[in-house]
Amino acid sequence: MNSIRANPQAGLDIHMLDVQFIRDNLEAVKANCKNRNVTADVDRVVALDEQRRQILQQQQVHQHRQNEISKLIPKEKDKDKKQALIQEGRDLREKVAALENQVKEVEAELKTVLMTIPNMSHPDAPVGLTPADNKVISKVGEPKKFDFKPKDHVALAEALDIVDFEAGSSVAGQKFYFLKNEAVLLELALVQYAFGKLLEKGYTPIITPDVAKVDVLEGIGFMPRGPETQIYSLANTDLCLIATAEITLGGMHRDRIFDELDLPIKYVGMSHCFRTEAGAPGRDTRGLYRVHQFTKVEMFVFCTPDQSDGLHQELLAIEESIFQGLGLPYHVIDTCTGDLGGPAYRKFDIETWMPARGEAGEYGEVTSTSNCTDFQSRRLGIRFKSTKQKGTRFVHTLNGTAVAVSRALVAILENYQQADGSVVIPEALKRWVGRDVISRKGGISG
RNA sequence: GGAGGGGUGGCAGAGCGGCCGAUUGCACCGGUCUUGAAAACCGGCAAGGGUCACACCUUCGAGGGUUCGAAUCCCUCCCCCUCCGCCA
């Protein structure tokens, strides 16, 4: 078909969900949009694709003739005939150019519509439209009973002088903060702890850039240009601050063709994460739970289609082992279709108990792991080649939080607090923090 | 920041207006030979679209231009390398 455009290298590829797949599974795609609470004009995709193919076909006919002519010309001895051929070639050039413009227009619209269509959903993902339909699939540990009224992490942190929210908002604005004293050590400890766990599992450690180009963001499934974007853009560049290392880790191998034998490729990467939190006004306004910047250790996997379900379970198991190691009670949620977000085929969240959240404690999200199947790889042009099969196929990508530091801090401070306002350091982190307890008098040098 | 040199198939590396989607080497796959292996020899081997299969179309960093025709010429941008300067 195509000219120029469907080449993944060109960065213009229009596959979000595979158009062919949409054509072949029209009803399923529509049903999926409904389940996901997404309004998308799926029929329009088919219509536009039809148009596009037609134009392309016409264009091909002309191109074919063009190629013929340019081969004939050097052989043609007769002057008049030669002139005639050259003239025909000129005409064809214009026709092809005109058709190409049409294709561009159609494809631009197609891409816009395609962008709104979410990934398909795992057959076992609970169907439902709101977070209320999320399903708790396992629960580990019991919420701790306190014989005093537990304070929230903000009160604890301020009294212990380990987080400075006021300075944060003064320097950078609301929802920014300074970590101080033991909170700094805790962040470093959490990072060390997470990397340690993942290294044991054979993941390759990475520290990624904290910025990425717009088309990488879009490839991963973020929409930096949207009105409700979560993404900070850097003025006068095509760069954005990343919202997660998923973006940079996923983008790391764009336009790459792997050998099947090299898969799966497993990374554990650290980055800072920046989120505007647009569309979440008034929610979780206090403290570290919802902030504009935090540090996160993220897992990311490239694999073959038949590996992805298994690896999704692996990522979840690792996340669980991390939070078990921290001694925090949690449950696991199988996210319902309506709450999946665009790229995910299935998503599990870990929510740990946060004793001071809500009225009398609530579970709060601390990790999230998604199987994005080929949704991201298709946009980023990440394929693999197998010796058994001709051609290439798109890899599957998965991501999962190892530790999102700010939220882990919330959980640790609130769960490990004592009646006197001091906080015990989780056993697993003591070797890096270098002390057992954070107490009010415990200055950093103490 | 200054001065040069480059970006071609998995890698290396030719080509510098039509005979080039691309010489060749390595790697890889299949075969012959061998008890087996190595070597040697023969054959295959970029991707995407399209087709039952062919045909056919597109792609030589990206975008634009010149031309009947561009990997090859012109413009813009990106990336990489070398030398000098500066710096955590």
Side-chain angles (χ1 to χ4, degrees), chain A residues 1-24 48-108 110-111 114 207 209-216 218-219 234 236-239 248 251-263 265 302 374 377-395:
Chain A
M1 55 137 226
N2 132 347
S3 55
I4 333 168
R5 221 127 316 257
N7 178 2
Q9 307 292 107
L12 278 165
D13 60 323
I14 55 165
H15 309 72
M16 302 294 122
L17 241 191
D18 187 18
V19 180
Q20 187 63 49
F21 178 86
I22 294 176
R23 297 166 66 91
D24 294 345
L48 286 167
D49 184 54
E50 196 56 49
Q51 240 187 81
R52 171 169 163 276
R53 281 160 185 264
Q54 261 174 32
I55 303 170
L56 246 20
Q57 208 171 19
Q58 243 183 93
Q59 193 187 0
Q60 257 191 41
V61 172
H62 289 147
Q63 282 171 325
H64 178 38
R65 178 64 185 156
Q66 243 181 342
N67 290 340
E68 258 174 17
I69 290 180
S70 52
K71 277 182 189 131
L72 288 176
I73 288 177
K75 293 187 206 135
E76 184 56 64
K77 296 295 176 231
D78 183 287
K79 272 232 167 93
D80 289 344
K81 283 184 184 167
K82 192 167 194 157
Q83 262 322 306
L85 284 174
I86 289 177
Q87 189 53 49
E88 189 184 351
R90 282 196 190 119
D91 295 344
L92 282 171
R93 187 169 65 198
E94 275 169 33
K95 282 182 193 162
V96 169
L99 288 172
E100 183 152 343
N101 283 333
Q102 285 182 42
V103 173
K104 272 187 192 166
E105 277 175 37
V106 172
E107 287 192 346
L110 183 55
K111 179 172 175 176
L114 233 23
I207 292 178
D210 287 338
V211 298
K213 294 178 183 174
V214 169
D215 50 333
V216 174
E218 286 177 345
L234 299 180
N236 305 321
T237 70
D238 63 343
L239 292 172
T248 40
M252 208 171 157
H253 294 305
R254 67 161 155 167
D255 294 329
R256 170 89 179 261
I257 299 172
F258 288 111
D259 192 322
E260 181 172 19
L261 297 174
D262 295 333
L263 299 175
I265 290 173
F302 301 87
D374 62 355
S377 61
R378 194 176 287 287
R379 300 172 166 209
L380 291 168
I382 310 171
R383 303 150 192 273
F384 73 97
K385 196 191 232 171
S386 111
T387 48
K388 302 173 211 94
Q389 242 175 350
K390 216 179 124 100
T392 55
R393 294 148 74 200
F394 288 104
V395 302

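Within every chain, numbering begins at 1; the chains are lettered A, B, ... in the order of the sequence lines, protein sequences first and strands thereafter.
The ring-ring contact (aromatic ring centres under 6.0 Å, His included) search around A/H253 returns A/F258, A/Y267, A/F302, not counting sequence neighbours. With sequence neighbours left out, the side chain to side chain contact (heavy atoms under 4.5 Å, CB included) criterion links A/Q51 to A/L48, A/V106. In this view, A/Q54 satisfies the side-chain hydrogen bond (donor to acceptor under 3.5 Å, both in side chains) rule with no residue, not counting sequence neighbours. A/Q102 is linked by a side chain to side chain contact (heavy atoms under 4.5 Å, CB included) to A/I55, A/L99, counting only residues two or more places apart in sequence or in another chain. Not counting sequence neighbours, the partners of A/L261 by the side chain to side chain contact (heavy atoms under 4.5 Å, CB included) test are A/D259. Residues satisfying the salt bridge (charged side-chain N to carboxylate O under 4.0 Å, His left out) test with A/E68, not counting sequence neighbours, are A/R65. Partners of A/D91 by side-chain hydrogen bond (donor to acceptor under 3.5 Å, both in side chains), not counting sequence neighbours, listed by chain and number: A/Q87. Under the salt bridge (charged side-chain N to carboxylate O under 4.0 Å, His left out) criterion, A/R23 pairs with A/D49, A/E50, sequence neighbours left out.
When the C1' atom of B/A46 is taken as reference, atom CZ of A/F258 falls 18 Å away, rounded to whole Å. In this structure, A/Q60 places its CD atom 10 Å from P of B/U51, rounding to the nearest Å. Rounded to an integer number of Å, the gap from A/D255 CG to B/G10 C1' is 16 Å. Rounded to whole angstrom, the span from the CG atom of A/D215 across to the P atom of B/G61 amounts to 19 Å. Per the geometry, CZ belonging to A/F394 stands 14 Å off P belonging to B/A47, to the nearest Å. Rounded to a whole Å, the CD atom of A/Q58 is 16 Å from the P atom of B/U58. Atom CD of A/Q57 and atom C1' of B/U51 are 12 Å apart (whole Å). Atom CD in A/Q63 sits roughly 12 Å away from atom C1' in B/U59 (whole-Å rounding).
The shortest distance between side-chain heavy atoms of A/R393 and A/R383 does not fall below 4.5 Å. The shortest side-chain heavy-atom distance between A/T248 and A/V216 does not fall under the 4.5 Å cut-off.
Close to B/C57, at under 4.0 Å from its OP1 or OP2, lies a side-chain N or O of A/N67. Phosphate proximity of B/C57 to A/H64: present, with a side-chain N or O under 4.0 Å from OP1 or OP2.
Taking CD from A/Q57 and NE2 from A/H62, the interatomic distance works out to 12.0 Å, rounded to the nearest 0.5 Å.
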Show each protein N/O and nucleotides 17-19 of chain B N/O combination with a separation under 3.5 Å, one pair to a line.
residue, atom, partner, partner atom, Å
B/G18, N2, A/S70, O, 2.6
B/G18, N3, A/S70, O, 3.4

Filtered N/O pairs between nucleotides 73-75 of chain B and protein, under 3.5 Å:
none

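Annotation: B/G48 and B/A53 have their P atoms spaced 15 Å apart (nearest Å). Straight-line distance between the P atoms of B/G5 and B/A70: roughly 27 Å, to the nearest whole Å. Spacing between B/A27 and B/A12 at atom P, rounded to whole Å, works out to 15 Å. Atom P of B/A39 sits at a distance of 11 Å from the matching atom of B/C26, rounded to the whole Å. The same atom, P, is picked in B/C28 and in B/C83; the two are 34 Å apart, to the nearest Å. When the C1' atom is used for both B/U72 and B/A88, the distance is 44 Å, rounded to whole Å. Separation of the P atoms belonging to B/A46 and B/G25 is 15 Å when rounded to the nearest angstrom. Annotation: B/C42 and B/G50 have their P atoms spaced 38 Å apart (nearest Å).
Judged by distance alone, the side chain of A/S377 and the main-chain N or O of A/V395 form a donor-acceptor pair under 3.5 Å.
Applying the salt bridge (charged side-chain N to carboxylate O under 4.0 Å, His left out) definition to pairs two or more places apart or across chains, none involves residues 77-86 of chain A.
As judged by a 4.0 angstrom heavy-atom cut-off over every strand, A/K82 is placed among residues making no nucleic acid contact.
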Test log, rule salt bridge (charged side-chain N to carboxylate O under 4.0 Å, His left out), inputs A/R52 and A/E107
CA-CA 7 Å; A/R52 171 169 163 276; A/E107 287 192 346; 2.6 Å; yes
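When each of A/G391 and A/R65 is assigned the nucleotide of RNA chain B bearing its nearest heavy atom, the one mapping closer to the 5' terminus is A/G391.
For RNA chain B, the neighbouring residues in residues 84-98 of chain A, judged by any heavy atom under 4.0 Å, are A/I86, A/G89, A/R90, A/R93.
Using the Watson-Crick or G-U wobble rule with both distances under 3.5 Å, B/A70 pairs with nothing in any strand shown. Figure legend. B/C28 is base-paired to B/G44; pairs are counted as Watson-Crick or G-U wobble with both atom distances under 3.5 Å. When both pairing distances are held under 3.5 Å, B/C83 makes a Watson-Crick or G-U pair with B/G2. B/A62: Watson-Crick or G-U partner is B/U76, with both key distances under 3.5 Å.
Across B/G48, B/A46, B/G50, the shortest atom-to-atom separation from the side chain of A/R383 is found for B/G48.
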